[in-house]
Amino acid sequence: MLRTLRITLTTALLALATTAVNAQDWTMFLGPDRNSKSPQKGLLRTWADGEPAALWSVGLGRGYGGPVVKNGKVYLLDRDDEKGDIMRCFDLASGDELWQFAYDSPGEVPFPGSRSVPAVDDRYVYSCGTYGDLYCFDLNSHQPVWKKNIWTDFGGGERLPVWAISQCPTIYGELLIISSQAPDAGVVAYNRNTGEVVWKTPNLGNENYASPTVLKIHGEDQVVMVNSSTNPFANPNAPATKGKVVGLDPMTGAELWRYDNWECHITCAPPTLADDNKLLIVGGYERGATLIQINKAADGKFSVAELFTTTDFGDQTKSALYHNGCFYAMYRTNQKRDGMVCMDINGKLLWKTGNNPNFDRGSMILADGLILATDGMKTLYLIEPDATGFKPISKANVLSEGGASTGGMSAMGGNTQNWAAIALADGKLLVRDQAKMVCVKVVK
């Protein structure tokens, strides 16, 4: 049952204030505005001697969890499968480790290691581990303020989703919003100071790997969540059901609208907000992408119209990047080998790189009119976004091979698997592979 949250003018103003961030911080998955865009200016247009300057690197356990940055400090949830998760804090300027907190959560899952991005504000950093352990750490004491488990607290049993828990928490005012997907909960909002559940939705359907995101639709904030369709391989005896995309009131969890014709059985990416209240949903596994229009009637009620579905454009692990009427993504899946792809707002595929060059589940950030992109393997690219074709400016090898080698995962995902989300703050780009995180200077 939803709990009512009393909202006063003071609370509303406080919520707005607590979401404000330094222009050079990167505080959540996909950035402070959750759209893979940074206000950073002054990017280098060429890289001396073919590569940007690597300022420092630090060793990490294997995994896919990316960093966040706040006030000159880097936060990353690392993992040792034999022991558990490790919240680590580094100095952005030097790479020196400032503190860490480890907790017991041993075990190995397919594609082992970390897999989520924390969220950080002025007081706390929040993280969710592979087995659903949700922690709030105090930035000053470096100790837990509260902890929950988003899986077992809501009826989840020993059997996790196939690829484990991969939730990236979202800060919204005084709330911390995340998806449980256990039998007794869908999206859950906690009081970010105390860990008390403020509201929760019913379970929204099939197992999922996408995180809820807050987007401004028709001028108002909404929590948008994408859920998978039935996985016929992991659950061959389960009824075949479509996935759904829902828009929720961020203060109460009340459902505002629903699209129920999404069919991707392993959904990883939040949707991308485009012009005129359109949302692009992307996936791998040959679904591709669907563009939906969110309409609002005079009485305030919302409705959804599907504009198109295409299998020419998609992204298995990240949201598409939207810029100047075009979407950019990396369409490498178990079957597709289309590389970086570009599509216009009407669903016309404009170009693809294929294997020349190959882009394999990497990560992108738009800053200063340019795209910084890892290719999911070794290479960092500087790209001019252009509807007429792929226009690389510079590239450099900054990462190493070293993907999962157990349980057939190497055959499924390749021998590199450098798929972590990247972060940009104060002119420094943070990228990681399966053994280290590298800080690269990308400004003049």
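Source: prediction; values computed, not measured.
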Looking at [Y] and [X], is any side-chain nitrogen of the basic one under 4.0 Å from a carboxylate oxygen of the acidic one?
| X | Y | result |
| --- | --- | --- |
| Arg45 | Asp368 | yes |
| Lys244 | Glu255 | no |
| Lys148 | Asp153 | no |
| Asp433 | Lys436 | yes |
| Asp122 | Lys70 | yes |

Can you check whether [X] reaches [Y] side chain to side chain, under 4.5 Å on heavy atoms?
| X | Y | value |
| --- | --- | --- |
| Leu134 | Trp151 | no |
| Lys428 | Val440 | no |
| Thr130 | Val109 | yes |
| Gln293 | Val304 | no |
| Arg287 | Thr311 | no |
| Gln167 | Gln181 | yes |
| Lys352 | Cys342 | no |
| Val245 | Arg258 | no |

Test side chain to side chain contact (heavy atoms under 4.5 Å, CB included) on Ser116 and Cys168 and set out the steps. CA-CA 5 Å; Ser116 67; Cys168 305; 4.2 Å; yes
Minimum heavy-atom separation for [X] to [Y], with atom names?
| X | Y | answer |
| --- | --- | --- |
| Val162 | Tyr209 | N-OH, 3.1 Å |
| Ala234 | Glu207 | CB-OE2, 4.3 Å |
| Pro271 | Val226 | CD-CG2, 3.6 Å |
| Leu430 | Pro67 | CB-CG, 3.8 Å |
| Pro385 | Leu366 | CG-CD1, 4.2 Å |
| Met364 | Tyr328 | CE-O, 3.4 Å |

Apply side chain to side chain contact (heavy atoms under 4.5 Å, CB included) to [X] and list each qualifying residue two or more places apart in sequence or on a separate chain.
| X | result |
| --- | --- |
| Asn193 | Arg123, Tyr124, Glu174, Asn191 |
| Thr374 | Ser363, Leu380, Ile422, Val431 |
| Ile393 | Leu370, Leu382, Glu384 |

Hey, could you give me the [atom1]/[atom2] distance between [X] and [Y], rounded to the nearest 0.5 Å?
| X | Y | atom1 | atom2 | answer |
| --- | --- | --- | --- | --- |
| Asp121 | Met28 | CG | CE | 9.5 Å |
| Leu92 | Lys73 | CG | NZ | 10.0 Å |
| Tyr64 | Cys268 | OH | SG | 12.0 Å |
| Asn149 | Asp133 | CG | CG | 5.0 Å |
| Leu273 | Leu215 | CG | CG | 5.5 Å |
| Leu349 | Asp312 | CG | CG | 5.5 Å |

List the steps, then state whether salt bridge (charged side-chain N to carboxylate O under 4.0 Å, His left out) holds for Asp375 with Lys395. CA-CA 10 Å; Asp375 66 356; Lys395 66 177 182 178; over 6 Å; no
Partners of Tyr135 by ring-ring contact (aromatic ring centres under 6.0 Å, His included), sequence neighbours excluded?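 Per chain and number, Tyr135 pairs via ring-ring contact (aromatic ring centres under 6.0 Å, His included) with Tyr103, Phe137.
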If the condition is ring-ring contact (aromatic ring centres under 6.0 Å, His included), which residues does Tyr381 pass it with, not counting sequence neighbours?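 Residues passing ring-ring contact (aromatic ring centres under 6.0 Å, His included) with Tyr381: Phe359.
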Can a side-chain donor-acceptor contact be found between [Y] and [X] if the only test is distance below 3.5 angstrom?
| X | Y | value |
| --- | --- | --- |
| Gln222 | Trp257 | yes |
| Thr290 | Thr309 | yes |
| Asp78 | Ser114 | no |
| Asn206 | Ser228 | no |
| Tyr322 | Asn35 | no |
| Ser179 | Asn208 | no |
| Trp262 | Thr267 | yes |
| Lys242 | Asn261 | yes |
| Thr388 | Asp386 | yes |
| Tyr259 | Glu306 | yes |

Carefully, step by step, assess Arg79 and Glu108 under the rule salt bridge (charged side-chain N to carboxylate O under 4.0 Å, His left out). CA-CA 10 Å; Arg79 180 163 178 81; Glu108 183 176 303; over 6 Å; no
Pairs flagged by ring-ring contact (aromatic ring centres under 6.0 Å, His included) wherever residues 268-291 is involved - sequence neighbours left out: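 Non-adjacent pairs meeting ring-ring contact (aromatic ring centres under 6.0 Å, His included): His265-Tyr285.
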Verdict with reasoning, Thr272 to Ser319, per side chain to side chain donor-acceptor pair (under 3.5 Å): CA-CA 6 Å; Thr272 300; Ser319 304; 4.6 Å; no
Decide side chain to side chain contact (heavy atoms under 4.5 Å, CB included) for Val188 and Ile150; before the verdict, give the C-alpha distance in whole Å, the side-chain angles of both, and the deciding distance to 0.1 Å. CA-CA 8 Å; Val188 181; Ile150 66 169; over 6 Å; no
Is the centre of the Phe111 ring less than 6.0 Å from the centre of the Trp419 ring?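 Between Phe111 and Trp419, the centre distance is under 6.0 Å.
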Quick check: does any side chain N or O of Tyr172 sit under 3.5 Å from a backbone N or O of Val223, one acting as donor and the other as acceptor?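 Here the side-chain-to-backbone pair does not exist.
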Leu204/Met225 under side chain to side chain contact (heavy atoms under 4.5 Å, CB included): CA gap, chis, key distance, verdict: CA-CA 9 Å; Leu204 294 175; Met225 182 67 196; 4.1 Å; yes
